[in-house]
Colleague: 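The structure that follows is given in the form of structure tokens.
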2 protein chains.
Amino acid sequence: MTLAEKAYDSLRRDIVSGALKPGAPLRMAQLSQRYDMGFSPLREALNRLQAERLVTSVALKGFSVAPLSMDEMWDATNTRVLIESRALRLSIDLGGDEWEAGIVGSLHALLLQAARGTVTEEDARALESRHHAFHAALLGACNSGWLLEFFQRLYLESERYRHPMLAPRPGEPARDVQAEHEALAKATLARNGDLACALLADHYRRTAQRLESLMAPVAAAE
Amino acid sequence: MTLAEKAYDSLRRDIVSGALKPGAPLRMAQLSQRYDMGFSPLREALNRLQAERLVTSVALKGFSVAPLSMDEMWDATNTRVLIESRALRLSIDLGGDEWEAGIVGSLHALLLQAARGTVTEEDARALESRHHAFHAALLGACNSGWLLEFFQRLYLESERYRHPMLAPRPGEPARDVQAEHEALAKATLARNGDLACALLADHYRRTAQRLESLMAPVAAAE
DNA sequence: AATTCCAAGATTTTCGAAAATCTTGCTTGC
DNA sequence: GCAAGCAAGATTTTCGAAAATCTTGGAATT
């Protein structure tokens, strides 16, 4: 693995996780020290991330972490529903045994990790990774590279918003996300496209709504 | 404008226009000579283009122009229809006077250039640029940064396929593309979402079909 | 007092060479 | 004769410094 790839992975993780805050300027000297490498691999990584809209840049003034906003979150959510609904219907039409096995398997892995609870940082990473794997498995048979690419882009983007929500606030009615995942898998495996897409849209819109109610006080406090 | 930006523009143009052939390896020494600059700005541009899927790269083995295929073209076409249909309906719902004016104006500019005919290389560039402006104007009021971003990505991708078709083959029944554009604009301005989307889908699928029949003999000959 | 101009410092961008890795073709051993 | 190993050359990747540009703060002018 080259240094530029390491830089890309590290920067991406730190931006998505919020360790580098939205809007924060990314100075070469600072990054060079933080990740212990020269300017070249960092600039390559930053250019890739810019193309993916995770960082912004102005010529001769450098890079910054791309800002977040509620408008953008709703835009990403709605576009996600459009893209993934299509991909899910295509998968339901085209998917074979292997696809079904992937869904069942990744759902099982996700439920195991969720039941285990999130105690360590490592747990959080595993849960996130299995959550991603499950949603990717649902769409895996759609046979469209472009839909999958856009799914990845939007998944990453929404992860930026989801991250601050990971710690559930006390006193809130706990939402059974895993039950939603199970229902979604069941409808999909039953090849019920309409129901599956409705559940998928609900799943994302509910997350967005909770995010909005969670972020509103934060934004007001700033 | 920095050298890296010049490199990005030049490389992108040369890839989209086919001057750099699909699959061709991109050697640093060769590019450095061709565009008269050092490695740094070239590598930055190549990394951006890689994120946009116009070039591929393998660690320590360098970059290549991303390959083309008929499967991928159909995938891009279908995904385009999905994205742009949604954006068009949103624009029809949300668009105001300024949006309408943009459509009428860009259509007029497109028709002027089309009537002028394509004699010089400059004409071809102008036609392409106005074609893009017209399609962008249609979607301009959708109020979704993500839909517009995906539109741009897919427009660029399809330009790669469209380019070899620009010279119309003699003996083929001439297709009146501009009439399609006019009908599309008319339905859109009449706020008839169903008709506009149907015309849009037809417009793209017809282009794809013509491309397929045009490319099939080329592919067979290789 | 407000504005413009300039210099010093900070920062980004680019280059050219060094380091690391891959490729090719030859040699060696079987 | 053939495969494995190795050396030489080609290529990519990375670094460190130089060049270009921006920012800041103060001095000079109106």
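Here is the naming used below: chain letters follow the sequence lines, and residue numbers restart at 1 for every chain.
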Colleague: Can B:S158 and B:R162 be counted as having a side-chain donor-acceptor contact under 3.5 angstrom?
Modeller: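 Side chains of B:S158 and B:R162: pair found under 3.5 Å.
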Colleague: Can you tell me if B:Y8 and B:N47 form a side-chain donor-acceptor pair at under 3.5 Å?
Modeller: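 Side-chain D/A pair, B:Y8 to B:N47: absent.
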Colleague: Under a 3.5 Å threshold, yes or no: a donor from one side chain and an acceptor from the other, between B:Q178 and B:H181?
Modeller: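 Note: B:Q178 and B:H181 side chains meet the donor-acceptor criterion.
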Colleague: CE of A:M37 versus P of D:dC15: gap in Å, rounded?
Modeller: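 These atoms are roughly 7 Å apart.
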Colleague: Distance alone, cut at 3.5 Å: any donor-acceptor contact between the side chains of B:Q209 and B:R206?
Modeller: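 Absent: no donor and acceptor within the cut-off.
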Colleague: Which residues, if any, of residues 39-49 of chain B bring a heavy atom under 4.0 Å of DNA chain C?
Modeller: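 Result for residues 39-49 of chain B: B:S40, B:P41, sorted by number.
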Colleague: Whole-Å distance between C:dT13 C1' and B:M1 CE?
Modeller: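 After rounding, the reported distance stands at 15 Å.
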Colleague: Grab the CD-P distance between A:Q33 and D:dC15 for me, whole Å please.
Modeller: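 A:Q33 atom CD is separated from D:dC15 atom P by 14 Å.
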Colleague: Starting at atom CE of A:M28, determine the distance to atom C1' of C:dT14, rounded to an integer number of angstrom.
Modeller: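 Distance, rounded to whole Å: 12 Å.
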Colleague: Within residues 2-13 of chain A, which residues have any heavy atom lying less than 4.0 Å from an atom of DNA chain C?
Modeller: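 Result for residues 2-13 of chain A: none.
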Colleague: Taking the six-membered ring for Trp, are the ring centroids of B:F134 and B:H108 within less than 6.0 Å of each other?
Modeller: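 Aromatic pair excluded; centres sit 6.0 Å or further apart.
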Colleague: May I ask you to decide whether A:E157 forms a salt bridge with A:R53, counting only side-chain N to carboxylate O separations under 4.0 Å?
Modeller: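 No, A:E157 and A:R53 are not salt-bridged.
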Colleague: Any side-chain donor-acceptor pair under 3.5 Å between B:T118 and B:D123?
Modeller: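 The answer is no; no qualifying pair exists.
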Colleague: Under a plain distance cut-off of 3.5 Å, with no hydrogens placed, do B:S10 and B:D14 share a side-chain donor-acceptor pair?
Modeller: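 No, no side-chain donor-acceptor contact under 3.5 Å.
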Colleague: Could you check whether A:Q152 and A:H132, counting side-chain N and O atoms only, form a donor-acceptor pair closer than 3.5 Å?
Modeller: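 Looking only at side-chain atoms, A:Q152 and A:H132 do form a donor-acceptor pair, the distance falling under 3.5 Å.
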Colleague: Does the distance from a Lys or Arg side-chain N to an Asp or Glu carboxylate O, for A:E122 and A:R125, drop under 4.0 Å?
Modeller: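 A:R125 and A:E122: salt-bridged.
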Colleague: Just the atom pairs and distances: protein N or O near nucleotides 21-24 of chain C's N or O, under 3.5 Å.
Modeller:
unit_1, atom_1, unit_2, atom_2, d
C:dT23, OP1, B:K61, NZ, 3.4

